[in-house]
Amino acid sequence: MAQQVIVRFPPSPTGYLHIGGARTAIFNWLFAQKTGGKFILRIEDTDVERSSEESILGILESLKWLGITWDEGPYSQSRFIKEHVAAAQKLLESGHAYKCFCTKEDLDRKREEARKNKAPLQYDGTCRNLTPEEIAKKEAAGMPYTIRLKIPRGGGSVIFEDIVYGFIEKKYEDIEDFVIVRSNGQPLYILSNAVDDIRDRITHVIRGQDGLANTPKQILIYKALGAPAPKFAHMSLTLDTKKAKISKRTHGELVAVHFYKEHGFLPWAFVNYLALLGWSTSDSREIFSREELIEAFSLKGISRANAIFDVRKDDPKFFTDPKAISINTHYLRNLPVEEIEPYVTEQLEKAGIWDPEFQSIKRDWFLRTIDLIRSRYHVTTDFVTLGRAYFSDDYPIDPKALKKNILKHEGLKEWFPILADRLQAVETFTVDEAERVIREMAEELGIKAGILINGIRAAVTGQVKGPGLFDVLIAVRQGRVAERLRKAVTFFN
RNA sequence: GUCCCCAUCGUCUAGCCAGGUCCAGGACACCGGCCUUUCACGCCGGCAGCACCGGUUCAAAUCCGGUUGGGGACGCCA
């Protein structure tokens, strides 16, 4: 009988959720979904200085946007500080830990010296063997102390099997007697985290590879506390194009989940992209529905090598990793229109060009129009930039379109009004009728139809490119087309 | 400095554990062509990689050792 899987995602609320954190959350969530396990959200807010309520809200919002749901929580780690302290006390009593009276200044000095002498930076164990009398004396003198875990000495090592990286061995001698409680009585993350995981019965710790070096220490804590250690699965890290770990500090908004929401990403497309960063299936599939991803997911598919988040800051063509955009594009163009409708709506609202009728009497038209123009778009914001003319009469004319497709042909100044009249005179305004009128006119004038077609497109949509013009005209509608063509004459002034 | 991890096209990666079927497959990006009123979509084609050296073997991208390169950890941060 396999026990139920319990995983957790423990962000520290010191800023927004960034893609590294999102990736960790996604992998944990996927694993829980896959195994029918439980996913706990725990806010590690014990660093009071840097934690903020605002940050917590932002993180929750980003997770919700991504569609990552949790079964328990969010718990605040700070609520359990008493338990953490009690655990430290227990370790002290059982002889697994000891009080250290070394001052921060002393330690800093020693570390600095060691750095200079290119020696290991480990704690030298000054207080490890203090006699009970010495300890009592220092305490009586009111000397503050930290609590350190007592690492076994005289050979031996910690060995564990990481699900991704395989067997990892760390010699005791390479582990220092690390601090688990500050001199002000506050427990440290390494302790709190282990205590919380024990209490929450976490079965699998899935986290970034930067936690790999900490793992032997945590295993020692579990052992000292007499609790079984969970299984560990470390994930490769996400690096930037300069191969540095991505961070809020150096990359700012570009690595924030909310940035992708604002820039027109479909949440699932983003999850799909993130899942592919450092994970794959042997059949090289890339597009997964939610159900397919859960079905295909396996911790074994996590790659050991770090992956690069290929954002090219200076490339005007891509505002982020081209692969991320291409996946978003795929979903944008292939999902049933109804599924992307809410996201388009959101963008129109944000741009102030939303018309409530788009979801009532004009809904059919709205869906058809989205469907018509989406094959050229990459993100939902394109609907309010490139596609603005479909939804609003207040749209800009691309200078290139103006120059190349309107001003270049003086004749359009006379032809536009005639075209407007003729198109307006059509009784049933259909694609075929619109095409007939325009082609006949071109023939009459003895010019290429393309001149009229491209000129009309420029005037009616403001763009040099777009769907087949006759479809465009139907989408924009007869009256507006005529109106826009008449107005276009003013471009020649 | 010490310890740990990693190494296939520009990027994400399959293949590696059980060596031959791989003169290395897919995707994105890029280039060319077809289609077309424009731009896309779509279709067809192309460019491009096993870091290096040695060993084991009839045979190595795959196993072993080393070198180089990269990343991470080493806090009274999480």
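Chain A is the first sequence line, chain B the second, and so forth, proteins listed ahead of strands; every chain is numbered from 1. Note that the coordinates shown come from a computational prediction; the quantities given were computed from them, not determined experimentally. Values reported hereafter were calculated over all heavy atoms of this structure, with side chains retained and with hydrogens, waters and symmetry mates removed.
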In plain terms, say whether [X] and [Y] are close enough for a salt bridge, that is, a side-chain N and a carboxylate O under 4.0 Å apart.
X      : Y      : value
A:D398 : A:K404 : no
A:R304 : A:D162 : no
A:K171 : A:E169 : no
A:E433 : A:R436 : yes
A:K323 : A:D321 : no

Strictly under 4.0 angstrom, non-hydrogen atoms only: write out the protein contact profile of [range], one letter per nucleotide from the 5' end, B, S or -.
range                        : answer
nucleotides 39-48 of chain B : BBS-------
nucleotides 8-20 of chain B  : ---SBSSS-----
nucleotides 63-68 of chain B : ------

### Query
Does A:G20 offer a backbone N or O that forms a donor-acceptor pair with the side chain of A:T24 under 3.5 Å?
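Confirmed, A:T24 side chain pairs with A:G20 backbone.
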Span that lies between the [atom1] atom of [M] and that of [N], in whole angstrom:
N     : M     : atom1 : answer
B:A40 : B:U13 : P     : 29 Å
B:G65 : B:G46 : C1'   : 40 Å
B:C47 : B:C5  : C1'   : 33 Å
B:A61 : B:G49 : P     : 15 Å
B:G20 : B:A29 : C1'   : 34 Å
B:C35 : B:C43 : C1'   : 9 Å
B:G45 : B:A7  : P     : 33 Å
B:A51 : B:U8  : C1'   : 10 Å

### Message
Test salt bridge (charged side-chain N to carboxylate O under 4.0 Å, His left out) on A:D283 and A:R285; report intermediate values, then the result.
### Response
CA-CA 6 Å; A:D283 58 8; A:R285 265 189 301 162; 3.2 Å; yes
Using a heavy-atom cut-off of 4.0 Å across all strands, would you classify [X] as base, sugar-phosphate, or nothing?
X      : value
A:N214 : base
A:K245 : sugar-phosphate
A:T46  : sugar-phosphate
A:T103 : base
A:R285 : nothing

### Message
Closest-nucleotide mapping onto RNA chain B: is A:A449 or A:E176 further toward the 5' terminus? I mean the 5' end.
### Response
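On the 5' side of the pair lies A:A449.
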According to the Watson-Crick and G-U wobble definitions, with both distances under 3.5 Å, which nucleotide is paired to [N]?
N     : answer
B:G10 : B:C28
B:G1  : B:C74
B:U21 : none
B:C63 : B:G55
B:C43 : B:G33

### Short side-chain donor-acceptor distance under 3.5 Å, A:T320 and A:H263
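No, A:T320 and A:H263 have no side-chain donor paired with an acceptor closer than 3.5 Å.
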### Query
Would you say the side chains of A:T430 and A:D432 form a donor-acceptor pair under 3.5 Å?
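A:T430 vs A:D432: no donor-acceptor pair found between side chains.
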Integer-rounded Å distance: [N] [atom2] and [X] [atom1]:
X      : N     : atom1 : atom2 : result
A:N272 : B:C28 : CG    : P     : 13 Å
A:E443 : B:U37 : CD    : C1'   : 15 Å
A:I168 : B:C5  : CD1   : C1'   : 7 Å
A:Y98  : B:C76 : OH    : P     : 12 Å
A:D162 : B:G72 : CG    : P     : 18 Å
A:I456 : B:U37 : CD1   : C1'   : 10 Å
A:D124 : B:C74 : CG    : P     : 19 Å
A:I147 : B:G75 : CD1   : C1'   : 17 Å

### Message
Can you say whether a donor on the side chain of A:T146 sits under 3.5 Å from an acceptor on the base of B:C76, or the other way round?
### Response
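No, no donor-acceptor pair under 3.5 Å.
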### Query
Any cation-pi pair here, A:K138 with A:Y145, using under 6.0 Å and within 45°?
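Verdict for A:Y145: no cation-pi partner in A:K138.
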If you check the [X] side chain, which of [options] turns out closest?
X      : options             : result
A:S183 : B:A29, B:U37, B:C76 : B:C76
A:K317 : B:C5, B:U37, B:C30  : B:C30
A:K104 : B:G71, B:C76, B:U38 : B:C76

### Interatomic spacing from OH in A:Y75 to CZ in A:R8 - rounded to 0.5 Å
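So the OH of A:Y75 and the CZ of A:R8 are separated by 14.0 Å.
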### Task
To the nearest 0.5 angstrom, please state how far the CG atom of A:N328 sits from the CD1 atom of A:I325.
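Separation between the atoms: 8.0 Å.
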### Task
Identify the heavy atoms of A:P13 and A:I59 that sit nearest to each other, and give their distance.
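For A:P13 and A:I59, the tightest heavy-atom pair comes out as CA-CD1, 4.0 Å.
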### Message
Using the rule given for side-chain hydrogen bond (donor to acceptor under 3.5 Å, both in side chains), can you reason through A:N272 versus A:Y331, listing the C-alpha separation, both sets of side-chain angles and the distance that settles it, and then say yes or no?
### Response
CA-CA 10 Å; A:N272 192 151; A:Y331 281 102; 2.5 Å; yes
